[in-house]
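Let me begin by presenting the structure, written as structure tokens, before commenting on it.
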Amino acid sequence: MKWVEVEFQGKTVRVPAVKHQGKLWFHWQGETHVVETSVTRRSGGEKGATHPGVLVAPMPGKITQVRVSKDDLVKKGQALVVMEAMKMEYTLEADRDGKVTEVNAKLGAQVALSEVLVRIGEASAE
Amino acid sequence: MARPRRFEKLAIANRGEVAVRIIRAAQELGIQTVLLHSSVDEKSAAYRLADETVCIGEAPSALSYLNIEANIQGALSAGCEAVHPGFGFLSENADFAEKVAEAGMIFVGPTPENIRLFGDKISAKAHVEKSGGPTIPGYRGSDQSIERLLQECEQIGYPVICKAAAGGGGRGLKVIRNKFDAPELVKSAQREAQSAFGSSVVFLEKYLESAKHIEVQVFGDVSGRVTPLFERECSVQRRHQKIIEEALSPSLDDELRAQVNHVARDLCERAGYQGAGTVEFLLQDNKFYFMEVNTRLQVEHPVTELVLGIDLVKAQLITAMGQPLHWPKQFQPRGHAIECRLYAEEPYKGGIPSTGRLLAAEWPQGPGRRFEVGFEPGDDITANYDPMIAKVIVWDETRIRAIQKMKRVLSETVVFGVRTNIPLLQKILSHDEFLSGTMTTRFFEAHFNKGLEAPEYSRGEQQLINMLNSKLGAVDTVGPASSPWSHSWGRR
């Protein structure tokens with residue numbers, strides 16, 4: 001284990017810590033933490049889509065079902081894509097009502113973390 | 001067919017921590033080990049530890065760990081005389097057990113007949129009923145008239161669950177709580193079953209809504225005697241996946257304990273059961289209901305080993321060699337053991353899988369602490385296989401001390417590179433219902449279904465992060481080439 005010595009609140013503390021691919025991993029007060037090195041917040045919290053209407057892979061894995069096509073109208077909460085990783089299945093749902101403008105998810109394809117799978121545009125008023 | 005006999009070379013048809021567990025037991029008995037592995041598992045603890053290795057196929061399980069022919073050819077090519085299937089994969093596949101024997105090797109496990117009898121839910125239940133064991137009361141008859149179904153509901157006793165015979169996934173599934181609601185709910189289940197599955201046939205079963213998961217470890221030795229090895233409780237489950245197991249159960253008095261151990265032994269002995277097995281029950285209102293028999297070693301076998309002072313994997317190997325076990329006639333369990341399964345998952349994103357390279361790991365050793373680990377720093381945890389990366393097992397004199405020890409051990413455990421469920425385990429271990437030992441199989445969904453909220457960092461912690469950041473600099477401090485502790489990396 002690699003230990004890093006830092007001054008913390010007037011004391012010298014030794015903290016197990018490593019940096020790898022833009023992430024800082026450290027163990028502090030009984031818990032392992034990981035932070036993006038540019039941002040000081042815990043990794044986690046936000047799920048799936050980072051921007052409204054943009055559905056990204058929340059984990060690396062395999063696409064096992066694509067239940068939506070371009071131009072489909074979808075409702076918030078509707079199941080769009082099913083993924084599998086580590087023998088577990090995850091269903092990705094629409095985060096808003098709208099019209100599908102892009103489907104990148106292909107049946108059987110392996111996808112990387114944060115790959116954009118589906119884009120949902122505003123439902124256009126006819 | 002291969003009869004039990006001494007063997008000198010064993011194939012391990014598995015991976016991860018259980019492969020390490022089996023290799024160690026075999027090596028200690030002076031048996032040579034051959035790991036049958038997939039193409040991506042060269043970077044793993046089992047690969048480094050095994051005396052020999054044979055690659056049997058590509059990463060997807062169907063092409064390697066689940067491929068019967070590839071496993072048998074791999075074992076034969078290395079001159080193995082026996083095969084240990086571990087758990088999962090082919091461990092409960094009767095055809096595999098049979099083909100291993102046909103190839104002249106010994107299958108370390110129960111007979112193909114044992115596996116077939118208990119692998120089929122209907123024949124297993126019939127066997128238990130014939131042995132006078134307790135099964136969940138139900139009705140699976142062909143008379144589907146509403147009068148008959150209502151009569152059966154009364155007979156079973158409410159609450160009753162009514163489900164589509166052809167179905168699954170919750171459709172055509174109704175919980176009936178009293179006789180007033182029964183007619184409408186049964187008819188509605190029939191309609192839903194008809195529209196979802198094209199058949200209106202429904203089954204009735206007693207609905208157990210606050211049951212505990214209790215299982216009895218059994219072992220059938222070469223003399224044909226089946227020894228019941230006390231129970232484990234595994235009520236902490238998420239979507240039927242066990243998370244925390246313990247031995248013994250905090251919920252049984254001596255009478256219930258004697259009863260469930262007797263039932264488990266009896267139904268296995270009647271089946272001529274050989275080797276390690278587990279009889280699973282649900283316990284509600286001081287009544288046991290048979291669920292199933294797992295005809296293999298279980299993930300949670302270490303908790304039984306710690307309270308009884310035995311080695312189940314060695315017992316399996318010795319029995320497969322046709323040798324007697326030198327166990328006491330009467331076991332006296334000592335203290336309390338708890339196992340936590342470490343899953344590679346995002347604790348603050350509802351437990352979705354976390355994959356990556358293991359950068360560093362610290363398993364804090366000490367008395368009564370046991371770690372079963374399949375990966376070392378530098379190894380990759382991929383999306384191909386099960387997310388369980390390690391098991392942490394503790395023993396102490398009492399249950400509460402074992403819980404305290406587990407919390408301390410988990411707080412000292414460091415895993416860098418993939419996220420783990422340790423924060424979730426800590427919350428469970430501190431929960432009143434777990435501490436009191438009253439948890440049921442609904443415990444997890446009742447209290448933890450929403451997942452954990454990511455806590456915010458305090459100002460002080462942010463300062464610490466900034467200091468660590470500047471101290472470590474912008475460059476990766478770990479990596480295959482430049483790592484200051486590269487000696488612990490890669491292959492030997």
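In the text below, chain A, chain B and the rest are named by the order of the sequence lines, each starting its count at 1.
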Original post:
Does the distance from a Lys or Arg side-chain N to an Asp or Glu carboxylate O, for Glu84(A) and Lys62(A), drop under 4.0 Å?
Top reply: no
Original post:
Using non-hydrogen atoms only, which part of Gln29(A) is less than 4.5 Å away from chain B: side chain, backbone, both, or neither?
Top reply: side chain
**OP:** Among the options Leu410(B), Thr382(B), Val418(B), pick out the one with the most heavy-atom pairs lying under 4.5 Å from chain A.
**Re:** Val418(B)
Subject >> For chain B, the option from Val15(A), Leu113(A), Val13(A), Leu24(A) that forms the most heavy-atom pairs under 4.5 Å >> reply: Leu24(A)
**OP:** Check Leu425(B) against Arg341(B) and note the closest heavy-atom contact, atom names and distance.
**Re:** CD1-O, 3.9 Å
Original post:
Do the side chain of Asp72(A) and the main chain of Val100(A) share a donor and acceptor less than 3.5 angstrom apart?
Top reply: no
Original post:
What part of Ile352(B) gets closer than 4.5 Å to chain A, counting heavy atoms only: side chain, backbone, both or neither?
Top reply: both
**OP:** Name the orientation class of the two ring planes belonging to Tyr385(B) and Tyr65(B) (parallel below 30°, tilted from 30 to 60°, perpendicular beyond 60°).
**Re:** perpendicular
Original post:
Given that the side chain runs from C-beta out, which part of Ala344(B) has a heavy atom under 4.5 Å from chain A: side chain, backbone, both or neither?
Top reply: both
Original post:
Side chain of Lys99(A), backbone of Ile120(A): donor and acceptor closer than 3.5 Å?
Top reply: no
Original post:
Quick one: what part of Arg408(B) sits under 4.5 Å from any heavy atom of chain A, side chain, backbone, both or neither?
Top reply: neither
**OP:** For Lys391(B) and Leu342(B), indicate whether the former's side chain and the latter's backbone hold a donor-acceptor pair under 3.5 Å.
**Re:** no
Subject >> Toward chain A, the part of Pro353(B) with a non-hydrogen atom under 4.5 Å >> reply: both
Subject >> Part of Ser354(B) lying under 4.5 Å from any heavy atom of chain A >> reply: backbone
Original post:
Side chain, backbone, both or neither: which part of Glu362(B) has a non-hydrogen atom closer than 4.5 Å to chain A?
Top reply: both
Subject >> Segment of Phe26(A) engaging chain B (4.5 angstrom heavy-atom cut-off) >> reply: both
**OP:** Assess the pair Trp28(A) and Phe8(A): is the distance between their ring centroids shorter than 6.0 Å?
**Re:** yes
